[in-house]
Amino acid sequence: MKKVLSLLMVCLCAVSAWAGDVTFDATVDKGQWGSNDDAAAESITKDGVTISCTQGRWNLTDQYRVFKNATFTVASESTITKVVINCTANDNAQYGPGNFTGDDNYTYSGKIGEWNGSANEINLVASGSQVRITSVVVTIDGDVTPTLAAPTFSPAGGTYYTAQNVEISGPAGATIYYTTNGSDPTTASTVYSAPIAVNQTTTIKAIADNGELTSAVASATYTIESVTTVANIAAYYALGVGSYAAIANPVTVFYANGNYVWVKDETGYLLIFGRNAGNMNYKNGDIIPGGFGGYLKEYNGLQEMSYNGSQDLFGFQAATAGDPVNPEVVTTAAVTQNNFGHYVTVENATITDISGKNFTVNDAAGTAAGFNQYTGVSIPTDGATYNITGVISIYVKDGVTTMQLQPTAFEKVVNLDDLPKVDNIAGLLATAAETDVMFNNPVTAIYQSGNQLYINDATGFMLVYGHLDTQYTNGDQISGIAGNWKLYNGMTEMIPIVSTFTEGTAGTPVQPSVIAIEEIDQSMIHNYLRIENCTIDSIAGSNGRNYTLTDETGDLIMRLNFNEVTIGADFDYSATYNVEGFLAYYAKSDGSVQQLQFYPNLIQKVGGTVVVVGDVDGDGVVTAGDITALYNFLLNNDSTAIVNGDQDGDGAITAGDITLIYNILLGN
């Protein structure tokens, strides 16, 4: 009798603990948006409770993102008595629960925010910063009526200008049934098993069923329209903000940094912003063939070609080499709206009034506002005279328009002949920080990615950090370089005098040193290393950037730091890999984080598969066969030859991956 009573009590306790709680788990319960849309509303309903936000991204791997200034809402027809919000960061640090405000019943401690009271709706505003949430537990006054969440669609329904592959997601363990003829689906409808190709206007309806419960009908309409094509940049602007169009004629790149690509033609200047352009590794002088396009949007007063949700940039092809664009030499008086987008150099200028990214440029003609937009460019603080090269841009806030010079390079005005001389990297590091010197001896280039160039000589390794006009390959000998060094996040970096980094001469490629993880220490920062027979595991909450690298001797954090190296959704975590790259050190200024990290430039599956950009079919080389494999997947859903299809790391296999491989095959 006691055993029966005890079992009954356990069951009753289990029911009472479950009855009033509804849990939203970011790894399971998904919203619609996983792209970089800056104006996407999100909503999830489960067991009679709805959580929503006015701007966010809720279709990521392991977190809900509520954007800064967005409202986060919890609502239910039953009375809500408690809400527990688990976040990725502590208190009011960036992304933590302390950034929510707007309700006196809300408190927070550590990574947990908590609301207690009695209401049918709670509204919190992410006023401090974006808030990143791993789960939300809502307690209601009364029993929860179990429901099955309706399926979600990715991309979401809307107007598109290219064919879409629509994925449908549903609750774990449930079967999804769908229709495309406008009728409501039943369990006799088509079972969803693979992305649905939509190349004409179509409405998809879907339900989820787990054998006990059936969800409400979810519906999404995809309107496929033709892309407008215009001749040039001026005609593109004339279409107006909100247009989605292609430019037919070629344009010339004059500056590229990450996802920012500035171009020009005879009619004007244009900023292109987005991964589909940024991943093409364009450089000054490159001519982009016509046929590319995107969404014309306005951001802080600046009109740019960009993406809008799933309306992504498209048509970017490998460039043909042209003559580099030389900046116009101007004074600060030229930083006006009439010269928007111009590529300029203000000579013999000084920098004052530095406040964060803002500063003032001073020359004989007067002053102009400066804004440090681009990575790899640091505002000098030494009071010296500089030639400042950059792009004239615009910023509008509260109706006030400010023209800005966004610097692409600060070139200190120095007489190279007067610089102190050092023989090598060790000689550079023996000088005081931020002391310009010139090398007597050449150095060898190892690897270049964006603003990062790794070099070495007989005395050691060094990271050169800054935008260089010259592109180097492993083994190139570079003579006559000059610059200084400084400390950044615990690492020494060389800040180059750009004009001294001229064309290299071909030499012997540098080979990485094979090493075990337990042998690695801080003295090897920037060294080129190879760690063999490793396993790789993703680190939760790192947004696909941080991984744990493990060999038989220990563990090391691996961070995907270079655009050229990606780990796609189809990565084989059960395999063993040889990994090559560079040792780094990350130290936050407040001392809260101090750790060694490994930046890979090559991930090679033991047995020959190279997980680098281009090798889709896993044969270790980049060929036309990789493009064929992607075409077969996109057209016929044939994944038999796909080993690493997501080459650009955006979480999906798209035409952008094909474009990227074309670029590699053409040598760009």
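Throughout, residue positions are numbered sequentially from 1 according to the sequence presented.
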Test item: S393 and Q373 side chains (from C-beta on) under 4.5 Å apart, heavy atoms: no

With a 4.5 Å cut-off on side-chain heavy atoms, are V565 and L602 touching? no

Partner of V396 under side chain to side chain contact (heavy atoms under 4.5 Å, CB included), chosen from N300, T401, L302: T401

Any donor-acceptor pair under 3.5 Å linking the side-chain atoms of N59 with those of T152? no

For the residue pair Q452 and N561, confirm or rule out a side-chain donor-acceptor distance under 3.5 Å. yes

Strictly distance-based, threshold 3.5 Å: is any side-chain N or O of N372 a donor or acceptor partner for the main-chain N or O of V377? yes

D476 (side chain) donor-acceptor with G504 (main chain) under 3.5 angstrom: no

Using a 4.5 Å cut-off on heavy atoms from C-beta on, say whether the side chain of I44 contacts that of Y64. yes

Any donor and acceptor pair, going by atom type alone, linking the side chain of K264 with main-chain N or O of V251 inside 3.5 Å? no

Using only atom types and a distance under 3.5 Å, with no angle test, would you say the side chain of S129 pairs donor to acceptor with the backbone of Y95? yes

For the student: nearest non-hydrogen atoms of T179 and S183, plus distance: OG1-O, 2.5 Å

For I394 against Q337, the heavy-atom pair lying closest together: CD1-NE2, 3.9 Å

Which residue in the set V131, V66, T71, T73 passes side chain to side chain contact (heavy atoms under 4.5 Å, CB included) when paired with C53? V66

Roughly how far apart are I168 CD1 and I176 CD1, rounded to 0.5 Å? 6.0 Å

From the list Y295, Y307, Y160, Y244, ring pair (Phe, Tyr, Trp, His ring centres under 6.0 Å) partner of F314 resolves to Y244

Centroid separation Y374 to Y255 less than 6.0 Å: yes

Taking the six-membered ring where the residue is Trp, are the ring centres of Y178 and F153 under 6.0 Å apart? no

Over all heavy atoms of both residues, which pair between T402 and A369 is shortest? Give the atoms and the distance, please. CG2-CB, 4.0 Å

Of all heavy-atom pairs between A235 and N232, which one has the smallest distance, and what is that distance? N-OD1, 2.9 Å

Does Y222 reach the main-chain N or O of Q200 with its side chain, forming a donor-acceptor pair under 3.5 Å? no

Looking at I388, T389, V498, which hits side chain to side chain contact (heavy atoms under 4.5 Å, CB included) with E411? V498

What do you reckon, are the aromatic ring centroids of F562 and Y447 less than 6.0 Å apart? yes

What's the shortest heavy-atom distance between P600 and L560, and which atoms? CG-CD2, 3.8 Å

Is the shortest side-chain heavy-atom distance between V346 and N387 below 4.5 Å? no

Can you tell me if N339 uses its side chain to pair, donor with acceptor, with the backbone of T336 under 3.5 Å? no

V253 vs N284 side-chain heavy atoms within contact, under 4.5 Å: no

Would F273 and Y260 count as a close aromatic pair, with their ring centres under 6.0 Å? yes

Gap between atom OG1 of T470 and atom NZ of K283 - 0.5 Å precision: 10.5 Å

N69 side, atom CG; T54 side, atom OG1 - distance, nearest 0.5 Å: 9.0 Å

So F359 and P407, do their side chains get closer than 4.5 Å, heavy atoms only? yes

Can you name the nearest heavy-atom pair linking E42 to Q32, along with the distance? OE1-N, 2.8 Å

Are any of the side-chain heavy atoms of I233 and V263 separated by less than 4.5 Å? yes

Please check: side-chain N/O of S243 versus main-chain N/O of L296, any donor-acceptor pairing under 3.5 Å? no

Polar side-chain atom of Y454 near backbone of S449 as donor-acceptor pair, under 3.5 Å: no

Are F316 and F292 close enough that their ring centers fall under 6.0 Å? yes

Is a side-chain donor or acceptor of Q406 paired with a backbone partner of G390 at a separation under 3.5 angstrom? no

So Q448 and L468, do their side chains get closer than 4.5 Å, heavy atoms only? yes

Passing candidate, side-chain hydrogen bond (donor to acceptor under 3.5 Å, both in side chains) with T203, options T223, T221, N181: T221

With rounding to the nearest 0.5 angstrom, report the OG1 to CG distance, T267 to L270. 9.5 Å

Yes or no on side-chain hydrogen bond (donor to acceptor under 3.5 Å, both in side chains) for T375 and N257, after CA distance, side-chain angles and deciding distance? CA-CA 7 Å; T375 59; N257 184 302; 2.9 Å; yes

Pair Y343 and F254, ring centroids less than 6.0 Å apart: yes

Do any N or O atoms from the side chain of K30 and from the backbone of T61 form a donor-acceptor pair under 3.5 angstrom? yes

Side-chain H-bond candidate by donor/acceptor type, R559 with N546, under 3.5 Å: yes

Distance, nearest 0.5 Å, that separates CE of M403 from CZ of F371: 14.0 Å

